[in-house]
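Labels below follow one simple rule: chain letters A, B, ... track the order of the sequence lines, proteins then strands, and each chain is numbered from 1.
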Amino acid sequence: MLDLKLIRENPKEIERRLQRRDPAISLGKLLEYDEERRKIIGHVEEKKSLRNKVSEQVGKLKREKKDAEAQKVIAEMGQLADEIKALDNKLAQLETQMKDILDRLPNLPHPSVPVSQNKFDQKILRIHKEKPNFSFEPKTHLELAETFGMLDFPRAAKIAGSRFPLYRGWGALLEMGLIQFMFKYQVEKNGYTPMIPPYLGNEESFYASSQFPKFREQVYEIPEDKLFINPTAEIVLCNVHRDEILEADQLPINYAGYTACFRREAGTYGEEERGLIRMHQFNKVELFKFTKPEESYAEHEKMCEDAEDILKELGIHYRAALLPSCDMGLAAAKTIDLEVWIPSQNRYYEVSSVSNCEDFQARRGNIRYRPGKDAKPQFVHTLNGSGLATSRLFIAIIENNQQPDGSVVIPEPLRDYVGADRLKP
RNA sequence: GGAGGGGUACUCAAGCGGUCGAAGAGGACGGAUUGCUAAUCCGUUGUAGGGGCUUCACCUCUACCGUGGGUUCAAAUCCCACCCCCUCCGCCA
């Protein structure tokens, strides 16, 4: 959430900056409501002040046993209570309307973010390794998985429906190995604190991380218990320190959290997205940081490198891309995507999205820190990044490592977990 | 799921219709004293939103005692609903 005060003080500038993301954004209504709200606050507080004074007087009279006089004063109060109630209602209504607008406004893009309304206008920052060259027609991950009995989509569909995975055999071992390898790597090599958070969260948590209200329809819901199923550990990890005041020397806090992730993916489909590309359920190791504002961009770079470490260790060709203004998530001020090469589709797919949300989530979740001994608490900056999402990584690994003889070489770091160096048909 | 207890400021905790933004203790901070440490004494110690004034000072008002409603001239205090925590029972990986 943006700071309303900031909007009020520089409406034109903020609007211009928001329009870099979406030219349709306008702050007119919000400012209008805000002005009316402040006017009403003036009135209602004046009346409340009067009410408080009179009430105090009544109390005094009653104590002095001047009941008759007290009754008279009470009668004089007349409709004051009703007026206050009416104004309070109007105020609540205005505030709801403002919140509706404010809750859906995205974060301000960082100055380094390319301004474009075309999501393909990303800036390629780095490319690691060469595109693999195959002397044969590379098989798709579905074909490979079939050969090795790694995935069983028909039965997964029978159990849960389409777009749910059933890993089996080598597939299950590889998937589990990947998770363990990534989790352990971020903890041991990059110093993150390992976390296994709840897979379900409440309304407040989803609001604080900015998933709600705008992206509610992407989330599975359990209405009887008013709980929602984790679509990314970003949400649950963000809420670890909700409504807390952290000490400056605790920061930065670095968490690596493993969860399964569940997304409804309503309205998304496509021939390209067959197999494991876009699932209702997938596994992810998520990196999350709470930092001081002045350190967040350095930490953003670091987090990106931490995620890239995994791809380097696995020896996969990938690129890091700075997203243009139109393509970032609501809370992000700056996002770098890591995209792996998928040979069978001759294109890159996102396996990680590393974002600096600055104080956008912290403001909603009231996550603060104390900069100095006597200093006032300030909002922290929050950062999140996949480190990484497995199902697409799974595809990249088996497709990129297939050999002319039809076998698949298991990357060195995963061999102990899988219990094999190579899968043979 | 059933029964009981409880949620008050940084922490603990009193208050159960008016003088309560809230006693007391601890902590933290500032000061005094001090050979060091400790102890003692004095003082300070919330957040948010309006307005004044104008800016990083200050004054003033309003709101906040788990959350949301209600009663009342007046609610931390009474009523209703909900949430969370603890104990016991039941169930259970």
Side-chain angles (χ1 to χ4, degrees), chain A residues 1-10 30-99 101-102 196-208 212 221-228 236 239-250 260 293-294 359 362-380:
Chain A
M1 174 148 61
L2 294 176
D3 185 0
L4 181 61
K5 210 182 277 177
L6 188 74
I7 294 176
R8 188 149 66 210
E9 282 163 10
N10 327 276
L30 181 65
L31 292 164
E32 204 177 290
Y33 291 148
D34 181 49
E35 204 178 319
E36 195 182 346
R37 169 178 166 268
R38 282 188 294 162
K39 212 156 56 187
I40 293 177
I41 285 177
H43 290 149
V44 75
E45 289 194 347
E46 206 175 294
K47 289 183 195 298
K48 282 182 181 173
S49 180
L50 176 63
R51 181 183 67 185
N52 287 346
K53 284 201 185 77
V54 172
S55 292
E56 204 173 307
Q57 209 183 330
V58 171
K60 203 179 289 171
L61 290 171
K62 289 237 173 172
R63 248 172 291 122
E64 291 165 0
K65 304 279 185 223
K66 298 176 180 166
D67 278 10
E69 247 177 277
Q71 276 319 116
K72 200 176 134 210
V73 175
I74 288 170
E76 275 170 17
M77 292 291 286
Q79 62 211 16
L80 191 62
D82 288 340
E83 287 170 22
I84 288 173
K85 194 175 278 184
L87 286 172
D88 268 343
N89 285 341
K90 179 70 188 158
L91 212 49
Q93 188 195 330
L94 278 169
E95 278 167 5
T96 305
Q97 286 171 309
M98 288 173 68
K99 194 167 176 300
I101 296 172
L102 214 44
I196 302 178
Y199 284 14
L200 276 65
N202 54 29
E203 175 101 31
E204 296 80 53
S205 296
F206 277 68
Y207 174 76
F212 289 175
E221 184 173 355
I222 302 174
E224 299 90 321
D225 300 296
K226 296 201 186 91
L227 289 169
F228 303 88
V236 282
N239 280 280
V240 169
H241 296 294
R242 173 152 56 85
D243 291 320
E244 290 184 19
I245 298 175
L246 304 164
E247 294 306 325
D249 59 16
Q250 287 179 270
E294 65 272 20
D359 64 5
R363 180 169 287 109
R364 285 201 188 188
N366 195 27
I367 311 166
R368 294 172 296 167
Y369 82 108
R370 211 176 285 282
K373 314 178 261 215
D374 279 329
K376 281 177 88 174
Q378 263 186 37
F379 292 119
V380 298

Original post:
With both distances under 3.5 angstrom, what nucleotide forms a Watson-Crick or G-U wobble pair with B:U37?
Top reply: none
Original post:
A:K53 side chain N/O closer than 4.0 Å to the phosphate oxygens (OP1, OP2) of B:U19?
Top reply: no
Original post:
Is the phosphate of B:A74, meaning OP1 or OP2, less than 4.0 Å from a side-chain N or O of A:N52?
Top reply: no
**OP:** Check whether any side-chain nitrogen or oxygen of A:R8 sits under 4.0 Å from OP1 or OP2 of B:G50, and answer yes or no.
**Re:** yes
**OP:** Could you state the atom-to-atom distance from CE of A:M98 to C1' of B:G49 in whole Å?
**Re:** 11 Å
Subject >> For the student: nearest non-hydrogen atoms of A:R363 and A:F379, plus distance >> reply: CA-CE2, 3.7 Å
Subject >> Counterpart base for B:C82, defined by Watson-Crick or G-U wobble contacts under 3.5 Å >> reply: B:G66
Original post:
Relative to the 5' end of RNA chain B, which residue comes earlier, A:R368 or A:L50, by the nucleotide with the nearest heavy atom?
Top reply: A:R368
Subject >> Watson-Crick or G-U wobble mate for B:G17, both contacts under 3.5 Å >> reply: none
Subject >> Nucleotide B:U67, atom C1' - distance to CD of A:E203 in whole Å >> reply: 14 Å
Subject >> Integer-rounded Å distance: B:U47 P and A:I367 CD1 >> reply: 19 Å
Original post:
If you check the A:K48 side chain, which of B:G49, B:A63, B:U47 turns out closest?
Top reply: B:A63
Subject >> Integer angstrom distance from the C1' of B:A3 to that of B:C65 >> reply: 28 Å
Original post:
Does the side chain of A:S55 come under 3.5 Å of the side chain of A:N52 through a donor N or O and an acceptor N or O?
Top reply: no
**OP:** Report yes if at least one side-chain N or O of A:R38 is closer than 4.0 Å to OP1 or OP2 of B:G51; otherwise report no.
**Re:** yes
**OP:** Nearest whole angstrom, please: distance from the C1' of B:G49 to the NZ of A:K99.
**Re:** 16 Å
**OP:** Remember a base hit wins even if backbone is also touched, and classify A:V58 as base, sugar-phosphate or nothing at under 4.0 Å, heavy atoms.
**Re:** base
**OP:** Take atom CG of A:D3 and atom P of B:A48, then tell me their distance rounded to the nearest Å.
**Re:** 11 Å
Subject >> Full working for side-chain contact (heavy atoms from CB on, under 4.5 Å) between A:D359 and A:V380 >> reply: CA-CA 6 Å; A:D359 64 5; A:V380 298; over 6 Å; no
Subject >> Nucleotide forming a Watson-Crick or wobble pair with B:A28, both distances under 3.5 Å >> reply: B:U44
Original post:
Which listed nucleotide (B:G50, B:U62, B:G18) is nearest to the side chain of A:S55?
Top reply: B:G18
Subject >> Interatomic distance where CZ belongs to A:R242 and P belongs to B:C83 [whole Å] >> reply: 16 Å
**OP:** Can you check whether any acceptor in the base of B:G49 is under 3.5 Å from a donor in the side chain of A:E45, or vice versa?
**Re:** yes
**OP:** Give a yes/no answer on whether the side chain of A:R51 brings an N or O atom under 4.0 Å of OP1 or OP2 in B:A63.
**Re:** yes
Subject >> Base partner of B:C56, which must satisfy Watson-Crick or wobble distances under 3.5 Å >> reply: none
Subject >> Counterpart base for B:A23, defined by Watson-Crick or G-U wobble contacts under 3.5 Å >> reply: none
Original post:
So which nucleotide from B:C73, B:G49, B:U71 ends up closest to the side chain of A:K85?
Top reply: B:U71
**OP:** Provide, to the nearest angstrom, the distance between the CG atom belonging to A:L80 and the C1' atom belonging to B:U72.
**Re:** 14 Å
Subject >> Heavy-atom pair with the smallest gap, counting every atom of A:R242 and A:I367 >> reply: CA-CG1, 3.9 Å
Subject >> Opposite nucleotide pairing with B:A74, Watson-Crick or G-U, both atom distances under 3.5 Å >> reply: none
**OP:** Would you mind pulling out the nucleotide paired to B:G49, Watson-Crick or G-U wobble, both distances under 3.5 Å?
**Re:** B:C61
Original post:
Separation of A:E204 atom CD from B:G68 atom C1', in whole Å?
Top reply: 12 Å
